[in-house]
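For ligands, and for the atoms within them, numbers begin at 1 and follow the listed sequence. We count residues from 1, following the sequence as given. Remember, it's a predicted structure, so these values are computed and weren't measured experimentally.
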Amino acid sequence: MKLLVTGGAGYIGSIVGRQLVDAGHEVVVLDNLERGHRQAVGADMRLVQGDLRDPDAPRSVLAEGFAGVLHFAAFALVGESVEHPERYYRTNVVGTLNLLEAMRETGAARLVFSSTCAVYGEPDEVPIPETVETRPTNPYGASKLAVDRMISDFSRAHGLSAVSLRYFNVAGASHGLGEDHEPETHLIPNVLRAAMGVNPVVKIFGTDYPTRDGTAVRDYIHIDDLSAAHLLALDHTRAGEHQIFNLGNGSGFSVREVIAAAGEVTGIDIPTEEAPRRPGDPPMLVAAGDRIRAELGWKPEKPSVAGMVADAWKFAQAHPHGYSG
Ligand code: UDP
């Protein structure tokens with residue numbers, strides 16, 4: 001299939017793009033390179049530099065004719081979204097509206113959307129099923145939920161075939177591609193920066209959560225397993241339907257457990273510092289993964305957190321200051 005990958009120069013988009021090309025698809029990347037990296041786009045993909053906030057950007061590239069779109073381009077930092085909600089609504093919501101209208105105009109029928117467990121906020125039920133009430137606690141989650149609702153409405157009204165994957169915590173690296181954010185806010189890259197001495201310590205945000213060791217628990221999923229779910233989702237789209245799946249392994253690891261795993265993988269005693277909770281961080285986010293396993297036949301091949309850290313460690317050592325460093 002000829003596919004457009006928005007945000008294909010970012011961490012997740014670049015690795016899904018790689019898997020799509022390896023599976024025989026033709027990939028065009030649309031990215032504004034504001035937070036993405038030109039070096040992350042393979043030589044066997046075409047990069048179009050363009051911004052979804054400009055309605056002409058998706059319209060002109062989609063006019064070539066595409067079978068579908070995998071939509072990653074977005075802002076994705078909870079803290080930033082609290083301080084600058086307008087950025088999140090403009091880029092994530094308005095940007096996606098421009099994309100959906102361009103898809104409709106040009107007949108691109110399939111969509112796989114990068115949604116998030118942040119749409120659930122602090123749910124009453126953990127592991128979290130797709131049926132739990134959505135109550136986002138920050139503008140990032142609210143903006144992604146608004147997009148999910150928009151996609152449902154476009155599917156009903158205009159026959160769009162769509163799948164939203166609500167990611168839990170994506171980790172690891174693949175094909176020499178990995179996580180390079182500035183600022184870096186994610187746990188595993190920050191733990192590895194502390195291991196390499198790039199950062200002096202890794203802060204443990206919150207040690208008084210109602211969890212087994214007082215630190216927050218997350219469901220980490222390997223980027224290769226997450227990417228594989230996108231290829232399955234693409235094949236399972238159904239005309240006029242918007243299917244939503246949570247995408248995680250279904251098991252939780254605390255911040256301290258992740259740091260301990262990184263200590264074993266790297267052989268380094270990683271310096272830590274206890275710090276207050278980060279605003280907006282729920283105590284525990286773990287996916288109920290039954291629906292995606294049953295309906296898409298997805299199954300994680302790399303559920304080990306140590307394995308995710310080991311792959312991230314290889315990438316971090318090859319790129320201690322990121323792609324451009
Ligand atoms: N965290 C931490 N130190 C860091 C980065 C993150 O203690 O340097 C914690 C964070 O508070 C959360 C967990 O690690 O409880 C996962 O955070 P991350 O930012 O990786 O993902 P999130 O769950 O926020 O999407």
Side-chain angles (χ1 to χ4, degrees), residues 10-12 35 72 74-83 88 92 114-123 126-128 136-145 165-173 178-223 226 246-263 270-287 305 308-309 311-313 315-316:
Y11 168 46
I12 300 173
R35 297 193 180 177
F72 302 93
F75 286 145
L77 298 178
V78 168
E80 180 188 51
S81 80
V82 175
E83 280 180 39
Y88 279 70
N92 296 1
S114 165
S115 187
T116 169
C117 64
V119 300
Y120 298 117
E122 299 197 17
V126 182
I128 305 168
T137 52
N138 53 63
Y140 166 60
S143 71
K144 288 280 183 169
L145 180 60
L165 298 174
R166 290 184 171 163
Y167 309 158
F168 283 65
N169 288 61
V170 190
E179 223 171 330
D180 175 10
H181 301 117
E182 203 51 61
E184 185 54 77
T185 62
H186 293 115
L187 178 63
I188 292 176
N190 277 341
V191 171
L192 299 179
R193 283 182 183 201
M196 288 187 293
V198 171
N199 291 350
V201 294
V202 58
K203 289 191 177 165
I204 301 177
F205 295 134
T207 52
D208 59 348
Y209 282 107
T211 58
R212 51 187 173 261
D213 64 15
T215 66
V217 169
R218 295 287 180 275
D219 183 339
Y220 294 88
I221 169 170
H222 195 290
I223 182 71
L226 181 109
N246 288 346
L247 183 49
N249 282 321
S251 44
F253 294 87
S254 73
V255 172
R256 284 195 203 283
E257 287 164 351
V258 170
I259 296 172
I270 297 164
T272 61
E273 183 183 302
E274 296 190 359
R277 293 182 184 195
R278 202 168 59 175
D281 275 351
M284 170 131 60
L285 292 172
V286 176
V305 166
M308 297 176 210
V309 172
D311 288 346
W313 182 230
F315 179 78

Colleague: Judging by distance only, is a nitrogen or oxygen of Val202 under 3.5 angstrom from one on ligand 1?
Modeller: no
Colleague: Return yes or no for this condition: an N or O of Thr185 is under 3.5 Å from an N or O of ligand 1.
Modeller: yes
Colleague: Measuring from atom 20 (O) of ligand 1, which candidate in Val258, Leu187, Asn199 has the nearest non-hydrogen atom?
Modeller: Leu187
Colleague: I'd like to know if Arg218 and Glu257 make a salt bridge, using a cut-off of under 4.0 Å between side-chain N and carboxylate O.
Modeller: no
Colleague: Considering only heavy atoms, which of Met284, His181, Arg278 lies nearest to atom 18 (P) of ligand 1?
Modeller: Arg278
Colleague: When you check the gap from the basic side-chain N to the acidic O, do Glu179 and Arg193 get nearer than 4.0 Å?
Modeller: no
Colleague: What is the nearest protein non-hydrogen atom to atom 3 (N) of ligand 1, stated with its residue, atom name and distance?
Modeller: Lys203 O, 2.6 Å
Colleague: Counting only N and O atoms by type, is there a donor-acceptor contact under 3.5 Å from the side chain of Asn190 to the main-chain atoms of Glu184?
Modeller: yes
Colleague: For atom 11 (O) of ligand 1, state which one of Asp281, Val255, Thr211, Asn169 supplies the nearest heavy atom.
Modeller: Asp281
Colleague: In this structure, does ligand 1 have an atom that sits under 4.0 Å from one of the heavy atoms of Tyr167?
Modeller: no
Colleague: Could you tell me the residue and atom name of the protein heavy atom closest to atom 23 (O) of ligand 1, and the distance to it rounded to 0.1 Å?
Modeller: Arg218 NE, 2.7 Å
Colleague: Look at the rings of Tyr88 and Tyr140 and say which category their plane angle falls in: under 30° parallel, 30 to 60° tilted, over 60° perpendicular.
Modeller: perpendicular
Colleague: Under a 4.0 angstrom heavy-atom cut-off, which atoms of ligand 1 come close to Ile204?
Modeller: 7 (O)
Colleague: Examine Phe205 against ligand 1 and note whether any of their N/O atoms are separated by less than 3.5 Å.
Modeller: yes
